[in-house]
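Below is one structure, written out as structure tokens; the observations come after it.
Just so you know, ligand 1 is whichever comes first in the structure, and atom 1 is the first atom listed for that ligand.
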Amino acid sequence: MRKINKILVANRGEIALRVMRTAKEMGIKTVAIYSEADRNALHVRFADEAVCVGGPKSSESYLRGDYIIEVCQRLSVDAVHPGYGFLSENAGFASKVKEAGIIFIGPSPEAIELMGSKLAAKAAVAKYNIPMVPGTEEAIKDVAAAKGIAAEVGFPILIKASAGGGGKGMRVVEGVHDFEEQMKLAVSEATSAFGDGSVFIEKYIGSPRHIEIQVLGDTLGNIVHLFERECSIQRRHQKVIEEAPSSVLTPALRDAMGRCAVNVAKACDYIGAGTVEFLLDENLNFYFLEMNTRLQVEHPVTEQITGLDLVKEQILIAEDNPLSFRQEDLHIKGHALELRVYAEDPANNFLPDIGRLETYQRPQGLGVRVDDGFEQGMEIPIYYDPMIAKLVTFGNDRKEAIDKMLRAIDEYQITGIETTLPFGRYVLQHEAFVSGNFDTKFIDRYFTPEVLQRQPEQAIEEITAVLAAMLVDQKKPATVTEDGNGAPAASTNWRRNRIK
Ligand code: MV4
């Protein structure tokens, strides 16, 4: 056992706040770091101490590992929490933190490194009999030999970069005729993006669902899983909606995937919170893809259904405490959804929209949680991820969680920037989503910007309904004006948000 008294959070935004809140609850002092663009950010105000680490660009501030370690030493910090993104999966940083005598709240540098290579990860888990997509076990080098393997596996196949992940550097090859060209492109892309041109082949699973299992491992070798999250609603490898539990898993399948995930964690002596990613095909066969060695953006849905605070567990593990529960003690209660709210315009090809949050009113009430890092009046900096908030709802069952999400979207008031809230509403109301009959192709299949444009008849009906309600309430109606396009003017954003 070693007691942590002060944590530096090497991150910004909602996740920095998320971590500091738990630290504070545990009686641990917090240190924020910030860039010049984040001087007034909420994570800076929340922390006990805050240090500016450089310019607005990530490379000039949040990615300055050596300087961040210097700050830790100067302020007598015991432990660093890396959050997600930035330095969170940088084995070199984790190793330097350790060498400086500071606790890295996360797995060992060796586990980060191993799981950073998809091929090394597959090799490491092989002895545990983990189901994997048919393909090559080693990097392919020779085009002719690779063509032969691809033909054996059967087209279509995928060429993936070993150093990639999250969809980066992936190429689908439909037939032998374009294999050579695609392979060359994949190798050169991987070389320039990751400095490692190793690529491998996998059979292409056409319409998979993305299921990931949360695991926790302590420093005594105990490992448990905290069930699954389904993240099939994605747009260009960016997750939009996540939920727990998945609407397709049976208890038997959940158990089988959970056991596999624990074995993957065992294969790299995993310590802390991690996530094992699987693909699930139409016949409910599952295949191990990769392991993410960090706390993920979507961890709140797991917290909601298990009643655990994952950051608290991470910190307790980092202090060498044994897990305080066994697998048999864990149960799923209820259903949770997370909608990521991005500062992007869904009607305009999801173009990032920067600007000031003129109005920013969060939804509230039973079963609604908002994890964010902004307040009304703040500017969204252009330098970082455009995610402004995670809207999480929790109900007794999936329908209740969906109903709460629709209500919460309606209640959320954001003006000054366009957001993906109307897009979220569209997905949550879609029959395919509601019925659970969807996969990772949902957005390709069902979304075009036109679906967000209301029909004129619908607009008239909605405006009539609002005016009628106002008369009944005997309230002075707000000015309901319309611009030339039939959309309500910005002065009545509550309406604008609702109608879209
Ligand atoms: C695949 C696949 C189909 N077949 N592998 C994308 C992210 C990366 N973690 C793995 N990905 C995929 N790997 C085989 N053999 C399809 C995807 C994929 C995907 C996976 C999960 C969620 C969304 C996705 C969107 C497109 C492709």
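- Summarising the geometry, atom SG belonging to C260 is positioned 10.0 Å from atom CZ belonging to F288; distances are rounded to the nearest 0.5 Å.
- Exactly one residue among M20, R18, Q314 makes a side-chain contact (heavy atoms from CB on, under 4.5 Å) with H81. That residue is Q314.
- Scored by the ring-ring contact (aromatic ring centres under 6.0 Å, His included) test, H430 finds Y426, F442, Y446 as partners (sequence neighbours excluded).
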Ignoring hydrogens and angles, write down the donor-acceptor pairs under 3.5 Å from the side chains of residues 175-186, residues two or more places apart or on other chains.
unit_1 : atom_1 : unit_2 : atom_2 : d
E180   : OE2    : K184   : NZ     : 3.2
Q182   : OE1    : R171   : NH1    : 2.7

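- For the pair E344 and L351, the minimum side-chain heavy-atom distance is 4.5 Å or more.
- For residues 228-243, the salt bridge (charged side-chain N to carboxylate O under 4.0 Å, His left out) pairs, not counting sequence neighbours, are R209-E230, E212-R229, E212-K239, E228-R254, K239-E298, E242-R340, E243-R398.
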Pairs of nitrogen or oxygen atoms, one from ligand 1 and one from the protein, closer than 3.5 Å: please tabulate them with distances.
unit_1   : atom_1 : unit_2 : atom_2 : d
ligand 1 : 4 (N)  : I205   : N      : 2.9
ligand 1 : 5 (N)  : K160   : NZ     : 2.9
ligand 1 : 9 (N)  : E277   : OE1    : 3.2
ligand 1 : 9 (N)  : E290   : OE1    : 3.3
ligand 1 : 13 (N) : K160   : NZ     : 3.2
ligand 1 : 15 (N) : E202   : OE1    : 2.9
ligand 1 : 15 (N) : K203   : O      : 2.7

